[in-house]
Amino acid sequence: MNTATKLIHSIPVDPLTGSISVPIYQTSTFVQDAPGEHKGYDYARSNNPTRAVLENIIAELEGGKGGYAFASGLAAIDAVIKLLESGHEILAVDDIYGGAFRLFTHIYAKFGIKVNYVDTTDAVNVLDAITPKTKLVWLETPTNPTLKISDIEAIAKIAHQNGALLCVDNTFASPALQQPICLGADIVVHSATKYLGGHSDLIAGLVVTNTKDLGDKIKFIQNASGAILSPHDSWLVIRGVETLHLRVKEHSKNAQIVAEFLQTHPAVDKVYYPGLATHQNHDIAQKQQSGFGGVVSFTLKEDTEESAKNVVCSTQLFKLAESLGGVKSLLCHPATMTHKSIPAEKRQAAGVADSLIRLSVGLEDVEDLVDDIGLALNKVGVQATAESFCR
Ligand SMILES: *Cc1c(COP(=O)(O)O)cnc(C)c1O
């Protein structure tokens with residue numbers, strides 16, 4: 001069976017009623033026949049039938065042995081870090097999601113878990129930085145917002161040779177484009193808020209493990225810490241996943257066209273998109289992804305906050321908002337929005353220039369999207385304050 005067919009039919013028909021849509025089991029508890037005698041469900045933090053369907057689907061999509069649904073992407077990341085003990089170290093991609101950085105720095109540091117950040121776009125840097133204390137290697141690929149690509153297969157080998165697990169945050173690619181477990185990763189995490197949900201209408205997180213043993217540990221943490229996904233939000237993610245392949249294919253197609261257009265615009269300096277031949281690790285992306293995703297970032301020749309603000313406040317279709325992966329196109333200015341809390345010097349060193357703009361290319365007709373961003377870019381350099389453009 002091909003992927004889309006397998007995906008759509010991995011969502012079961014309700015055996016009790018024949019309902020083609022997965023029922024939402026909005027319940028806290030389950031009546032038992034005798035003490036300890038039940039139908040596999042005793043309390044809805046531990047297990048919920050709607051959540052269980054989603055957990056099975058994501059395990060299948062990622063080629064893993066166990067899937068676990070959490071209240072947010074950060075709750076999913078938090079559960080993975082709880083596999084570690086005080087004194088253990090994490091080796092993480094330097095261009096890591098800001099929320100993960102905050103969690104590592106302000107929560108886990110005080111419990112004695114240290115994180116070392118390296119540029120993982122060259123696997124040799126991982127080999128150089130890994131130590132016997134490293135128990136977990138943490139990758140994002142592509143990264144946010146500069147779409148850096150790391151070689152999952154090569155880094156999985158390095159992690160395993162040094163007794164560490166590899167976890168990949170697969171939010172940007174989604175399992176429709178990249179399956180890290182099939183490339184050697186032990187754990188995959190998702191912010192299902194993005195492409196898996198796909199409609200900008202929920203917050204959710206997922207963990208997938210490559211073995212049942214590791215899965216049982218995550219399951220224990222999920223129940224013990226309790227940051228589970230609700231039945232209704234589980235249902236929404238299931239509904240999103242039904243069209244994942246279709247959507248992500250179209251997001252990628254649109255994003256490629258927008259990226260190529262941006263390269264030709266005189267106001268644009270750098271364009272970051274793994275689908276461009278000019279991308280630093282385009283060959284690795286081509287090897288491990290079946291498409292390049294819907295996020296494109298770019299900088300302006302006039303590298304100022306002011307010109308970036310002119311652009312992000314001038315589009316009509318691209319709405320100014322954080323987040324990504326939804327049907328509607330969004331854009332944001334990382335320096336003053338998602339990456340505001342990072343000191344300017346550190347931010348710029350990571351490639352997040354003052355004028356960097358991140359696009360989440362949606363599912364509108366791509367001609368309209370190109371017109372929209374083109375018109376906004378034509379305003380760069382025009383004498384006006386950012387405020388005069390802002391709605
Ligand atoms: C959004 C995001 C997260 C955090 O997910 P939430 O659902 O917002 O908690 C983690 N990793 C990446 C790459 C993200 O884009």
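First listed ligand is number 1; within each ligand, the first listed atom is number 1.
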> Between Leu74 and ligand 1, which part of the residue brings a heavy atom under 4.0 Å of the ligand: side chain, backbone, both or neither?
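The part of Leu74 near ligand 1 is both the backbone and the side chain.
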
> How far is atom 7 (O) of ligand 1 from the closest protein heavy atom, and which atom is that?
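Heavy-atom neighbour on the protein nearest atom 7 (O) of ligand 1: Thr193 OG1, 2.6 Å.
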
> Run down the list Tyr195, Phe172, Tyr97 and name the one with the heavy atom closest to atom 10 (C) of ligand 1.
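Going through Tyr195, Phe172, Tyr97 one by one, Tyr97 has the nearest heavy atom to atom 10 (C) of ligand 1.
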
> Does ligand 1 have any atom that is closer than 4.0 Å to a heavy atom of Asn144?
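It does not, in that no heavy atom of Asn144 comes within the 4.0 Å cut-off of ligand 1.
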
> Please say yes or no: joined through hydrophobic side-chain contacts below 4.5 Å, possibly via intermediate residues, are Val207 and Val241 part of one cluster?
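No, Val207 and Val241 fall in different hydrophobic clusters.
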
> With a cut-off of 6.0 Å (strictly less than), are more than 12 heavy atoms of other residues, nucleotides or ligands near NZ of Lys133?
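Not more than 12 within 6.0 Å, no.
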
> Parallel, tilted or perpendicular: which describes the rings of Phe101 and Tyr117, with under 30° parallel and over 60° perpendicular?
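Taking Tyr117 first and then Phe101, their aromatic rings sit tilted (interplane angle of 30° to 60°).
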
> Can you pull out the closest protein heavy atom to atom 14 (C) of ligand 1? Residue, atom name and distance to 0.1 Å, please.
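Here the closest protein heavy atom is Lys194 NZ, 3.0 Å.
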
> Check each heavy atom of Ala100 against ligand 1 and say whether those closer than 4.0 Å belong to the side chain, the backbone, both or neither.
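Neither part.
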
> Does Ser323 come within less than 4.0 Å of ligand 1, judged by its heavy atoms?
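No heavy atom of Ser323 comes that close to ligand 1.
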
> When you measure from atom 12 (C) of ligand 1 to every protein heavy atom, which one gives the shortest distance, and what is it?
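It is Asp169 OD2, 3.4 Å.
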
> By number and element, which atoms of ligand 1 are closer than 4.0 Å to a non-hydrogen atom of Ala204?
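Counting from 1, the qualifying ligand atoms are 7 (O).
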
> Could you check Thr120 against Val137 for side chain to side chain contact (heavy atoms under 4.5 Å, CB included), going step by step and ending with a plain yes or no?
CA-CA 10 Å; Thr120 56; Val137 176; 5.7 Å; no

> Is there a path of hydrophobic side-chain contacts, each under 4.5 Å between heavy atoms, that joins Tyr41 and Leu229?
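In one cluster: no.
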
> Under 4.5 Å between side-chain heavy atoms, hopping through other hydrophobics if needed: is there a path connecting Leu202 to Tyr68?
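Looking at the clustering, Tyr68 is in a separate group from Leu202.
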
> Where is the tightest heavy-atom contact between Pro23 and Asp14, given as atom of each residue plus distance?
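Closest approach of Pro23 to Asp14: CG-CG, 3.6 Å.
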
